[in-house]
Number of protein chains: 2
Amino acid sequence: MTAQKDMPDGRALTKNETLVFSALEAADQPLSAYAILDRVRDRGVRAPVQVYRALDRLVASGLAHRLESLNAFVACAHPHCDARGQTAFAICERCGKVTEFADPALDGHLAAWADKADFDAHSTTVELHGLCSDCRAT
Amino acid sequence: MTAQKDMPDGRALTKNETLVFSALEAADQPLSAYAILDRVRDRGVRAPVQVYRALDRLVASGLAHRLESLNAFVACAHPHCDARGQTAFAICERCGKVTEFADPALDGHLAAWADKADFDAHSTTVELHGLCSDCRAT
DNA sequence: TGAATTGCGTTATGATATAACGTATGGTAC
DNA sequence: GTACCATACGTTATATCATAACGCAATTCA
Ligand SMILES: [Zn+2]
Ligand SMILES: [Zn+2]
Ligand SMILES: [Zn+2]
Ligand SMILES: [Zn+2]
């Protein structure tokens with residue numbers, strides 16, 4: 001009995017949102033929209049646009065994140081993030097594993113720069129590419 | 001008489017590299033590869049792949065940068081960056097203007113996180129979206 | 001009940017990026 | 001000089017990522 005997942009505003013996930021989110025949760029790597037589609041086709045989702053619509057809502061709610069440098073998506077690793085992009089990602093170039101992390105000091109630095117430059121930041125993208133701990137070792 | 005541009009290793013830009021780089025320099029916004037193609041077609045560049053090949057080399061050398069969150073490219077705003085992605089970008093959602101900045105403290109924080117997580121970072125992407133100083137005012 | 005809202009399904013298309021192949025050119029070994 | 005190599009270029013085709021435009025179904029609420 002998996003717990004019923006809800007959006008942060010309390011409403012339950014729709015059918016397509018549930019299918020897409022489950023696919024992301026089950027994956028050990030980021031998935032492209034089309035890779036998600038492959039995994040939910042047999043549950044009745046036929047077209048890319050249905051996946052993208054579900055992803056739009058999941059990302060907006062913070063239940064999933066888009067990795068801009070991969071054009072791919074991951075389930076949020078935390079109870080829930082908001083959608084402001086305050087989390088950063090470390091992406092392994094070898095095994096594909098993604099580590100999501102929040103670093104308040106980092107946010108502080110970005111906020112300080114924005115303040116000094118009179119830039120009103122709405123969202124931030126921080127993505128590191130490299131080798132994860134496991135892959136460095138080998 | 002514009003100065004002849006060179007790669008950081010000293011060699012001169014090739015014909016296609018020059019055309020693509022000039023298009024980026026002339027633009028006041030990031031350009032997609034296809035937008036670049038539109039601007040160099042009349043100089044003999046016919047196909048997307050020619051633009052992508054020139055971009056690959058310009059980005060690898062640090063003369064241009066790829067904005068992951070836009071799938072677009074800009075000329076480097078500095079004398080020259082290396083290709084390690086140590087610069088960050090503030091992107092205005094209203095006017096499209098991009099400000100490239102380097103913040104050693106930011107790099108320091110990312111390096112510290114990577115060290116702690118035993119992650120070997122090869123490159124970093126940092127992109128802020130929001131409103132530039134001019135666009136906030138209006 | 002009937003209008004508004006939201007999600008779904010279908011078809012078609014647009015936008016971004018690369019594969020696979022051959023040709024041209026300039027440098028270097030002999 | 002010529003055989004060889006490495007690098008850039010050109011052409012065609014194709015792969016991958018994302019959205020437009022339309023109508024239908026279910027829910028909410030006046
Ligand atoms: Zn998250
Ligand atoms: Zn790894
Ligand atoms: Zn730069
Ligand atoms: Zn602006």
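In what follows, chains carry the letters A, B, and so on, assigned in the order in which the sequence lines appear, proteins first and then strands, with residues in each chain numbered from 1. Computed over heavy atoms, backbone and side chain alike; hydrogens, waters and symmetry mates excluded.
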Atom pair [atom1]/[atom2] of [X] and [Y] - distance to nearest 0.5 Å:
X	Y	atom1	atom2	result
A:S32	A:L55	OG	CG	9.5 Å
B:L70	B:Q29	CG	CD	10.0 Å
A:D118	B:D134	CG	CG	9.0 Å
A:L31	A:E25	CG	CD	12.0 Å
A:L63	A:L24	CG	CG	10.5 Å
A:L110	A:L106	CG	CG	5.0 Å

#### Entry: Pairwise side-chain contact, B:T99 with A:W113, heavy-atom cut-off 4.5 Å (strictly under)
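B:T99 reaches A:W113 side chain to side chain.
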### Message
Can you confirm whether B:K97 sits close enough to B:D28 that some side-chain heavy atom of one is under 4.5 Å from a side-chain heavy atom of the other?
### Response
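Sidechains of B:D28 and B:K97: no contact.
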### Query
In whole Å, what is the span from the CD atom of B:Q50 to the P atom of C:dA17?
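Atom CD in B:Q50 sits about 17 Å away from atom P in C:dA17.
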### Task
Return the value, rounded to whole Å, for the distance between atom CG of A:D56 and atom P of C:dG7.
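Spelled out: CG on A:D56 to P on C:dG7 is 11 Å.
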### Task
Ignoring hydrogens and angles, tell me if any N or O in the side chain of B:Q86 forms a donor-acceptor pair with the backbone of B:C81 under 3.5 Å.
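Not confirmed, B:Q86 side chain does not pair with B:C81 backbone.
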### Summary of side-chain hydrogen bond (donor to acceptor under 3.5 Å, both in side chains) pairs that have at least one residue in residues 63-72 of chain A, sequence neighbours excluded
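Every side-chain hydrogen bond (donor to acceptor under 3.5 Å, both in side chains) pair that includes a residue of residues 63-72 of chain A, provided the two are not neighbours, is A:H65-A:E100, A:R66-A:E68, A:R66-A:N71, A:S69-A:E127, A:S69-A:H129.
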### Task
Mind jotting down which residue pairs meet the side-chain hydrogen bond (donor to acceptor under 3.5 Å, both in side chains) criterion with at least one end in residues 40-58 of chain A? Sequence neighbours excluded, please.
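Passing the test, one end in residues 40-58 of chain A: A:E17-A:R57.
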### Message
Under 4.0 Å, heavy atom to any atom of DNA chain D: which of residues 11-23 of chain B qualify?
### Response
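Contacts with DNA chain D under 4.0 Å: B:R11, B:T14, B:K15, B:N16.
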### Query
Which two nucleotides bound the region of DNA chain D that has atoms under 4.0 Å from heavy atoms of chain B, read 5' to 3'?
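That gives a stretch of D:dA8 to D:dT12.
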### Query
Would B:V59 and B:V51 show up in the same hydrophobic cluster when neighbours are defined by side-chain heavy atoms closer than 4.5 Å?
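Yes, it is one cluster - the side chains of B:V59 and B:V51 are joined through contacts under 4.5 Å.
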### Query
Is B:F73 linked to B:V45 within one hydrophobic cluster, defined over Ile, Leu, Val, Met, Phe, Trp and Tyr using a side-chain heavy-atom separation of less than 4.5 Å?
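Yes, because B:F73 and B:V45 connect within a single hydrophobic cluster, where side-chain heavy atoms sit under 4.5 Å apart.
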### Task
Determine, for nucleotides 19-27 of chain C in 5'-to-3' order, which nucleotides have protein heavy atoms under 4.0 Å from the base (write B), from only the sugar-phosphate (write S), or from neither (write -).
B--------
#### Entry: Contact residues, residues 37-47 of chain B to DNA chain C [heavy atom, < 4.0 Å]
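Within this stretch, nothing sits under 4.0 Å of the strand.
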### Query
How do B:N71 and B:A54 order along DNA chain D: which one's closest nucleotide is nearer the 5' end?
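The residue closer to the strand's 5' end, by nearest nucleotide, is B:A54.
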